[in-house]
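Structure first, commentary second.
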Amino acid sequence: MAIKKFAVGCYTDEEVLFPAVKSVRNSGYKLHDVYTPFPVHGLDHALGLKDTDLHVAGFIYGITGTSTAVGFMSWIFTADWPINFGGKPHWSLPAFIPITFELTVLFAAVGMVLTFCYLNQIMPGVKKHVFHPRQTDDLFVVAIELNDHVTDQEVIDYLKTTGAVETSVQIAESDWWYGRWDIAEHYEKLA
Amino acid sequence: MHLKYESFVREPLVDGDKDYHQVTEDIVRPIEQKPSRMWYIGFFFSISLLMLGVFSVFWEVYWGIGVWGINRTVGWGWDITNFVWWVGIGHAGTLISAILLLFRQGWRTGVNRAAEAMTIFAVMCAGQFPIFHMGRVWDGFFVLPYPNSRGPLWPNFNSALLWDVFAISTYFTVSLLFWYSGLIPDFATIRDRAKTKLRKRLYGLASFGWTGTAKNWQRHEALSLVLAGLSTPLVLSVHTIVSMDFATSVIPGWHTTIFPPYFVAGAIFSGFAMVQTLLILVRKIFGLEDYVTLGHIEAMNKVIVLTGSIVGVAYLTELFMAWYSQVVYEQDAFKWRILGPYWWSYWAMMTCNVVSPQLFWFKKLRRNIPFTFIMSIVVNIGMWFERFVIIVTSLYRDYIPGGWTYYSPTWPEVGFYLGTFGLFFTCFFLFAKYFPVIAIAEIKFVLKTSGEAQKKRMAAIDAKDTQEFATEQLAAHHH
C-alpha cells in the first residue's frame with residue numbers, strides 16, 4: 001500500500017502507443033503500467049510481459065473436477081450404498097460420464113474466474129486509482145513512476161515527445177484496497 | 001499495428017465512420033438516459049405476465065400437481081415441453097459467444113452480449129418447469145447429492161434426469177461467469193464516465209475495480225478463450241443430456257439414437273430465432289443499427305437455415321427409422337403423430353420448422369428485416385410444437401390401448417408458461433436499461449479492422465495504381 005507519484009501520458013491511438021511504450025522501456029524511466037480501453041494485441045509483448053498461466057490453473061481445476069466426480073460416484077455406488085439398478089454393474093463408468101464432464105467444466109470455469117479475480121486483484125467493492133477517466137473509453141494511458149532522480153517536468157516533457165496528447169502528475173495509491181471510497185478523493189487533494 | 005488482415009470486400013461489422021469514443025457514446029446512451037415510454041409500457045406488461053405466472057405457480061403448489069391437465073398416461077405435458085423449449089432458446093447465446101469466438105467469427109461481437117443475457121434468462125425460465133413438476137417443490141433439494149439424515153441415501157447417478165440437474169446448473173453457472181467476466185470492463189467504462197454519484201458507486205461495485213492494465217487484458221483474453229473452449233462442448237452436452245431424458249427410455253417415439261444431434265440442432269435453431277426477435281427490437285428501440293447490421297442479421301439467418309435443414313432431415317430420418325425398424329409400436333406412434341388426434345401439432349411443426357426456413361435461401365429475404373422478424377417468431381412457435389409433438393404424441397398412446405388418453409393443458413399450466421415469458425422479458429428490459437447491450441470493448445477491438453472507415457480506406461488503396469501506391473508509401477515512411 002504505497003502512495004506514489006506518477007507522470008501520466010495519454011495517447012489517442014494504439015499506433016502511437018506502441019512506439020511510445022518501446023521508447024519508455026528503453027529510456028530507463030520506471031514504467032508503472034499501461035491502461036487501455038480494450039485488449040490491444042501485442043501490447044503484452046511490447047511491454048515484455050510473460051504469457052499468463054491462467055489456462056494452466058484452469059487445467060488443474062478441471063482435472064480436480066474430473067477426479068472429484070469419478071471418485072465420489074464410484075465410492076457411493078460401490079462402497080457406501082451399492083444399489084442394483086436393473087442388474088447393471090455397480091461401477092457403471094459410461095453412466096458416470098455426463099456428470100463427470102459437467103463437474104470438470106464447472107470446476108474449471110469457477111476456479112478460473114476466481115483465480116482471474118485474485119490475480120487481477122479485482123472483486124466487488126474494490127476501487128483502484130484511475131489515472132484518466134477516459135482510459136476505459138478511448139485513451140491509452142501510460143503511467144511512469146516518479147522518484148528523486150528525475151524532475152516531474154523532465155518526464156512530462158519526455159512523454160510529450162513520444163506523442164502524448166495529455167499529460168499530468170498524480171499522487172496515487174499504487175496498490176488496491178477494499179471498499180474505501182473516500183481515499184481516492186483524499187489523494188486527489190494531495191495532487 | 002493490427003495483426004489481423006481482413007479483406008475490404010467483406011461487409012463492415014460496424015457501420016458509420018466511428019471512433020472509439022463514438023462507440024462508447026452510442027452504446028452507453030440508453031443507460032444514461034431516462035427510459036422511453038415504450039420501455040415503461042413493455043416493462044409493466046412483462047411484470048403483469050410475471051405476476052400471472054407467480055399466481056399460477058402458487059395455485060399449483062397449494063393444490064398439488066392435479067390442477068394441471070397431465071394424467072397417468074401423459075405424465076409430461078406443457079411443463080417439460082416448455083422446459084426443453086426454454087433450454088433450447090438458451091443455446092444460441094453460448095453458441096454465439098463461445099463457438100463463434102473459437103472459430104474467430106468477428107461478427108459475434110455485435111450480438112454476443114444480448115445473446116448471452118438471453119441465455120441466462122432463458123435458463124432461469126427453463127429450470128422452473130422441472131422443479132415445479134416435482135409437485136412437492138420443498139423437497140426439491142433431494143436431487144442434490146449431500147450427506148443427509150435419511151441414511152446414506154444418494155440420488156441415482158445413472159439417471160438421465162439427474163444428469164440434467166448437473167447439466168443445467170453447470171450451464172447456468174458457466175454462462176453467467178462468461179457473461180459477467182465480459183461485462184466487467186464495460187461496467188468500468190460506464191463508471192468512469194458517470195455523472196451522478198449513485199451511478200458511479202453502483203457501476204463501481206459492478207466493475208470490481210477494473211482499470212484495464214495490459215496484464216489484466218492479457219488474462220481477460222486467456223479467460224474468455226478458455227471459457228469459450230469449455231462452453232462449446234458444454235452447449236452440446238446440455239442438450240444432448242436433455243435429449244437423453246427421452247432417449248434412454250423405452251417409449252415408442254422417444255428411444256431414438258438420432259435425438260442428441262437432432263436436439264442440439266433444434267436448440268440452436270430456436271435460440272437463433274429468439275436472438276433475432278430480441279436484437280431486431282433492441283437495435284430499433286436503442287438506435288443501434290450501426291452495430292447490429294444487416295450483415296449480422298443475415299449471418300444469423302444463415303445459421304437458421306442450416307440448423308432448420310438439419311432438423312428437417314432428423315424428422316425424416318425418424319419417419320424412415322420407424323418404418324424400417326418394423327416395430328409396430330414405433331410405426332403406430334409415427335402414424336398417429338401425422339394423422340392422429342394431434343395431427344395439427346405435427347403439421348404446425350413441419351410447416352414452421354422445415355418448410356418456412358427454406359425461404360432463407362433467398363438473399364433478398366435473408367436481408368429483409370420485417371420478414372426475418374416474422375420468421376423468428378414462426379420458428380419459435382414451430383420449435384415449441386416440436387417439443388410438444390415429441391412429448392405428448394409419444395405418451396398419449398403407448399403399448400396398451402387401455403391407457404390411451406387425450407391431454408389438454410389447464411389454466412395454471414398456461415399461466416405458468418406465460419409467467420416465464422413475463423420473467424424473461426422483465427429481466428431483458430432491465431438488462432437493456434442498465435447493462436451495455438453491446439460489448440463495448442469487443443466492438444472497439446474489431447473497429448479498426450472491420451469498421452466501415454477502414455473498409456473504405458482499403459478500397460481506396462485497392463483502386464490505386466500499384467506504382468503510385470508504392471511511391472506514396474515510400475514517401476510517407478521516409479518523411
| said: Looking at chain A, which one of B:Thr211, B:Val165, B:Leu162, B:Ile184 has the largest number of heavy-atom pairs inside 4.5 Å, strictly under? | reply: B:Thr211
| request: Tell me, please, which residues at least two apart from A:His55 pass side-chain hydrogen bond (donor to acceptor under 3.5 Å, both in side chains). | output: none
| field | Contact origin within B:Leu227 toward chain A - heavy atom pairs under 4.5 Å | value | side chain
| task | Please state whether the side chain, the backbone, both or neither of A:Asn120 comes within less than 4.5 Å of a heavy atom of chain B. | result | both
| message | Does any backbone or side-chain atom of A:Asp51 lie under 4.5 Å from a heavy atom of chain B? Answer side chain, backbone, both or neither. | response | both
| request: Determine, step by step, whether B:Lys444 and A:Glu14 satisfy the salt bridge (Lys or Arg N to Asp or Glu O under 4.0 Å) criterion, reporting the C-alpha distance in whole Å, the side-chain angles of both residues, the deciding distance to 0.1 Å, and the verdict. | output: CA-CA 12 Å; B:Lys444 286 175 190 163; A:Glu14 65 267 39; over 6 Å; no
| Under 4.5 Å between any side-chain heavy atoms of B:Phe166 and A:Phe101, yes or no? | no
| message | Please classify the contact between B:Asn156 and chain A as side chain, backbone, both or neither, with a heavy-atom cut-off of under 4.5 Å. | response | both
| task | Could you tell me which portion of B:Leu230 (side chain, backbone, both or neither) has an atom closer than 4.5 angstrom to a non-hydrogen atom of chain A? | result | both
| Close side-chain approach of A:Val155 to A:Val169, heavy-atom, < 4.5 Å | no
| task | Please work out whether the ring planes of B:Phe187 and B:Tyr180 are parallel, tilted or perpendicular, with thresholds of 30° and 60°. | result | tilted
| request: Identify which part of B:Thr173 has an atom lying under 4.5 Å from any heavy atom of chain A, answering side chain, backbone, both or neither. | output: side chain
| task | Return the option, out of B:Leu225, B:Ile443, B:Thr240, B:Thr189, with the maximum number of heavy-atom pairs under 4.5 Å with chain A. | result | B:Thr189
| note | To the nearest 0.5 Å, atom CH2 of B:Trp210 lies from atom CG of B:Leu183 at 12.5 Å
| task | Please list, in residue-number order, every residue in residues 104-111 of chain A that has a heavy atom less than 4.5 Å from any heavy atom of chain B; write 'none' if there are none. | result | A:Val105, A:Leu106, A:Ala108, A:Ala109, A:Val110
| remark: Taking a cut-off of under 4.5 angstrom between non-hydrogen atoms, the residues of residues 134-148 of chain A near chain B are A:Gln135, A:Thr136, A:Asp137, A:Asp138, A:Phe140
| note | Bottom line for A:Phe131: the part with an atom under 4.5 Å from chain B's heavy atoms is neither
| remark: For residues 57-75 of chain A against chain B, heavy atoms under 4.5 Å, the residues are A:Phe72, A:Met73, A:Trp75
| Whether B:His239 and B:His91 hold their rings parallel, tilted or perpendicular, with breakpoints at 30° and 60° | perpendicular
| task | For B:Pro436 and B:Arg113, work out which heavy atoms get closest and say how close. | result | O-CG, 3.1 Å
